[in-house]
Amino acid sequence: MNRIWNSIVGKLWATILLLVSFVLFIITVLLLEFLDDFHTKQAEDSLRRDATTIGKIVLDHESESSMQLIIEDILDDETSAVIVGRDGEVIHSFHKGLNRETIESKILSDSVLSSNDKSTSQIVKEMILPSVTEDSVMEQYLVLAYPFETEQKIAGSVIIYQSLEAIHRTTRRTTNIVFLSAFIAFILTTIFAFFLSTRITSPLRGLRQAAFELSKGNFDTRLPVLQNDEIGQLATAFNQMGKQLKYHVELINQEKEQLSSILTSMTDAVITFNRDYTILLSNPQAERLLQNWYFKSGAVEGTDPIPPEIFHMLEHVITFAEEVEDELELGGRFYGISISPLYSGNSIRGAVAVLRDMTDQHKLDKLRSDFIANVSHELRTPISMLQGYSEAILDGVTTNDEERNEMVQIIHDESKRMGRLVTDLLDLARMESGHMRLYKDDVSMIPFLSRIVNKFMQVARDAHVELLYTPSKDTEIITHVDEDRIEQVFTNLIDNAIRHTADGGKVTLSVERYRETIEIRVTDTGVGIPEDDLPFIFERFYKADKARTRGKGGTGLGLAIAKNIIDSHSGTITAKRGDEKGTIFSCTLPIKKM
């Protein structure tokens, strides 16, 4: 029922029904009023004619019997008459039905009607009198008093009366006809409403269902155009709207995907903030930055959405509508940050922050300054020695050939040291720029490492250090490497281990094979490298004990070169302190699959 009343069919049906009912009600009221007046007027005219005729008959006929017959013939079944003399007595009575005496008594006792004997005018009056057909029932009557005269004298009057029940029956029949018309109008209205349902509301229901499908994102929904009227034009407009929506949504999705791809491919972190400082959008780089900050600072992701440093800058941007650029440190990394306001018309709706990771640039700047300082430091000593001893020779300070030869030897050794430094710098620069060429070949690692150990046996004996070699149980381990470069790595590691191990110490080269890799360890029992220095020993010119290293003749580039060589062979090199003392260098290289 609610569905009908909430539909267009129900509303249209109710509207038409109310309209027809209102019109019929007005017409019925007016028609009944008109018919009542009309029939009453007709009854008055009929009674007046009958009273005039009866008055003439009474005057013209002397025979009472013939007069009564004529008068009874004139009066119908619903009309009665009383002929009253001048003195108010009833001369003749023509009454059909019950309650004659009561009716005549009430009529004659009426002062208006009884005064008619002295007046020549007709009097019409409606009275409530007993019914002529039923006892104890009162009906409305129309009473007419008509005086008749002889020789300019009032001889008496004819009082004729008729029940208005006939008029009421006519009114009831008219009312029944009106009700029948209303019922027929109700049926026709219902049929008309449901006819409109098939012609109007059925397409509208289809339009409603299509609109629901469109709201769900099904932009391929189409309506059949079966009519050329306004509903058909509405269906055509709806189909065009669906096409336009599909086109614009696809265009927005393309732009969104393009924007998402741009943000994802950016190396900078991008975060878009709402006016209430909540994050609206962020790319993967920004998410990793925030996750790293959460992890290192111990902040709660829901409670502390952004670092306080960024929050203060964001607050300034949104409050004062000014772009802010600064550099800050988050989680041990350096970032260059730029925050700009976002506008919606003339009001600020948020801000966008771009964070660029400047850590590598900081490291490069530091490395550049350290490189200049280290190169200057490393070259200062040999240059000073070359200058000092050469000036001594030129000034003739030497007194004999032995002293002169000793100074020349020192100059020669320092020049060789400068040459090694320059060569190492060139090799390292070539490796880091990717211009180093590797000549790879299949190398059996067990005999290869044995040859390197044998090369350092005499050096170890001279340094009073025990050099041991512990090969793997698997005697055939093949790797695809540049033999000269790998020999350079382990020559550097073994040489460093021997030079930094005290007399009576021990240096061990061990080999262990795993499923797809080989691990080669160089272990010494020297003083070892401090824990704080271990993360930096593979950097250029880094020396845990610079005074000690310079005395041993190192340049500070050997481990940096070794790491580049191992990295270029898809391997790894690490360093750690021994269980008791000394240092353990571990190199891992992939094994060639046979």
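- Under a 3.5 Å cut-off, the side chain of H500 and the backbone N or O of G528 do not form any donor-acceptor pair.
- When atom types are taken as modelled, the side chain of E483 and the backbone of D441 share no donor-acceptor pair closer than 3.5 angstrom.
- Interatomic distance, N218 CG to F212 CZ, rounded to the nearest 0.5 Å: 14.5 Å.
- Under the 3.5 Å distance criterion, the side-chain polar atoms of N239 are left unmatched by any main-chain donor or acceptor of R222.
- For the pair Y439/D484, no side-chain contact is recorded, criterion being any heavy-atom separation below 4.5 Å from C-beta on.
- Between the CZ atom in R513 and the CD atom in E476 there is a gap of 9.0 Å [rounded to 0.5 Å].
- Open room surrounds NZ on K576; 12 or fewer heavy atoms of other groups in view lie less than 6.0 Å from it.
- Counting heavy atoms from C-beta on, the side chains of M445 and I520 come closer than 4.5 Å.
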Start with the C-alpha distance between D567 and K563, add both sets of side-chain angles, then the distance that settles side chain to side chain contact (heavy atoms under 4.5 Å, CB included), and finish with yes or no. CA-CA 6 Å; D567 290 343; K563 186 178 188 308; 2.9 Å; yes
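- Under the salt bridge (charged side-chain N to carboxylate O under 4.0 Å, His left out) criterion, D360 pairs with no residue at all, not counting sequence neighbours.
- Summarising the geometry of P590 relative to T479, their closest heavy-atom pair is O-CG2, 3.5 Å, with the distance given to 0.1 Å.
- Partners of F448 under the ring-ring contact (aromatic ring centres under 6.0 Å, His included) rule, at least two apart in sequence or in another chain, do not exist in this structure.
- Listed here is the closest heavy atom pair of A210 and T221: CB-CG2, 3.7 Å.
- Panel note: side chain N454, backbone S450; a donor-acceptor pair is recorded below 3.5 Å.
- No donor-acceptor pair under 3.5 Å is formed between the side chain of N492 and the backbone N or O of Q488.
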Show your reasoning for whether side chain to side chain contact (heavy atoms under 4.5 Å, CB included) applies to I494 and F585. CA-CA 10 Å; I494 295 174; F585 283 90; over 6 Å; no
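- Panel note: side chain S282, backbone E287; no donor-acceptor pair is recorded below 3.5 Å.
- Here the side chains of K506 and E466 are in contact, with some heavy-atom distance below 4.5 Å.
- The minimum heavy-atom distance linking L214 with G242 is given by the pair CD1-CA, 4.2 Å.
- Counting heavy atoms from C-beta on, the side chains of L509 and T523 never come closer than 4.5 Å.
- Considering all non-hydrogen atoms of both residues, I279 and I271 come closest at CG2-CG2, 3.9 Å.
- Between D357 and R333 there is a salt bridge, since a side-chain N of the basic residue sits under 4.0 Å from a carboxylate O of the acidic one.
- With sequence neighbours left out, the side chain to side chain contact (heavy atoms under 4.5 Å, CB included) criterion links H464 to D503.
- Applying the ring-ring contact (aromatic ring centres under 6.0 Å, His included) criterion to Y277, with sequence neighbours excluded, gives F311.
- Between atom OG1 of residue T572 and atom CG of residue L589 there is a gap of 8.0 Å, rounded to the nearest 0.5 Å.
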Check step by step if side chain to side chain contact (heavy atoms under 4.5 Å, CB included) holds for I565 and H569. CA-CA 7 Å; I565 293 174; H569 284 81; 4.0 Å; yes
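- Closest heavy-atom contact between L559 and N496: CD2-ND2, 4.2 Å.
- In this structure S340 satisfies the side chain to side chain contact (heavy atoms under 4.5 Å, CB included) test together with E323, S338, V352, sequence neighbours excluded.
- How far CD of Q285 is from OG of S265: 8.0 Å, rounded to the nearest 0.5 Å.
- Distance alone, capped at 3.5 Å, places no donor-acceptor pair between the T278 side chain and the N274 backbone.
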Evaluation steps, side chain to side chain contact (heavy atoms under 4.5 Å, CB included), between R461 and M457: CA-CA 6 Å; R461 282 194 291 268; M457 281 297 183; 4.0 Å; yes
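- Within the 4.5 Å cutoff, the side chain of M313 has heavy atoms near those of the I337 side chain.
- The line from CG of N283 to CZ of R288 is 8.0 Å long, rounded to the nearest 0.5 Å.
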side-chain hydrogen bond (donor to acceptor under 3.5 Å, both in side chains) for D462 and Q458? Distances and angles first, verdict last. CA-CA 6 Å; D462 293 341; Q458 185 59 43; 3.0 Å; yes
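- A donor-acceptor pair under 3.5 Å is absent between the side-chain atoms of H316 and the main chain of H312, judged by distance alone.
- When side chains are defined from C-beta on, L449 counts as touching Y469, because their heavy atoms get closer than 4.5 Å.
- A heavy-atom distance below 4.5 Å is not found between the side chains of V522 and I584.
- Here CD1 of I318 is found 7.5 Å from CD1 of I348. Values are rounded to the nearest 0.5 Å.
- For S586, the side-chain hydrogen bond (donor to acceptor under 3.5 Å, both in side chains) partners at least two apart in sequence or on another chain are E519.
- Within a 6.0 Å sphere centred on NZ of K440, heavy atoms belonging to other residues, nucleotides or ligands number more than 12.
- The heavy-atom pair separating T517 from I591 by the smallest distance is O-CD1, 3.2 Å.
- Judged by distance alone, the side chain of R521 and the main-chain N or O of V511 form no donor-acceptor pair under 3.5 Å.
- A distance-only check finds no donor-acceptor pair linking the side chain of D268 to the backbone of R356 [under 3.5 Å].
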Residues E487, R451; criterion salt bridge (charged side-chain N to carboxylate O under 4.0 Å, His left out); working and verdict: CA-CA 10 Å; E487 182 176 352; R451 178 170 57 82; 3.6 Å; yes
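- Counting heavy atoms from C-beta outward, F334 and L328 have side chains that stay 4.5 Å or more apart.
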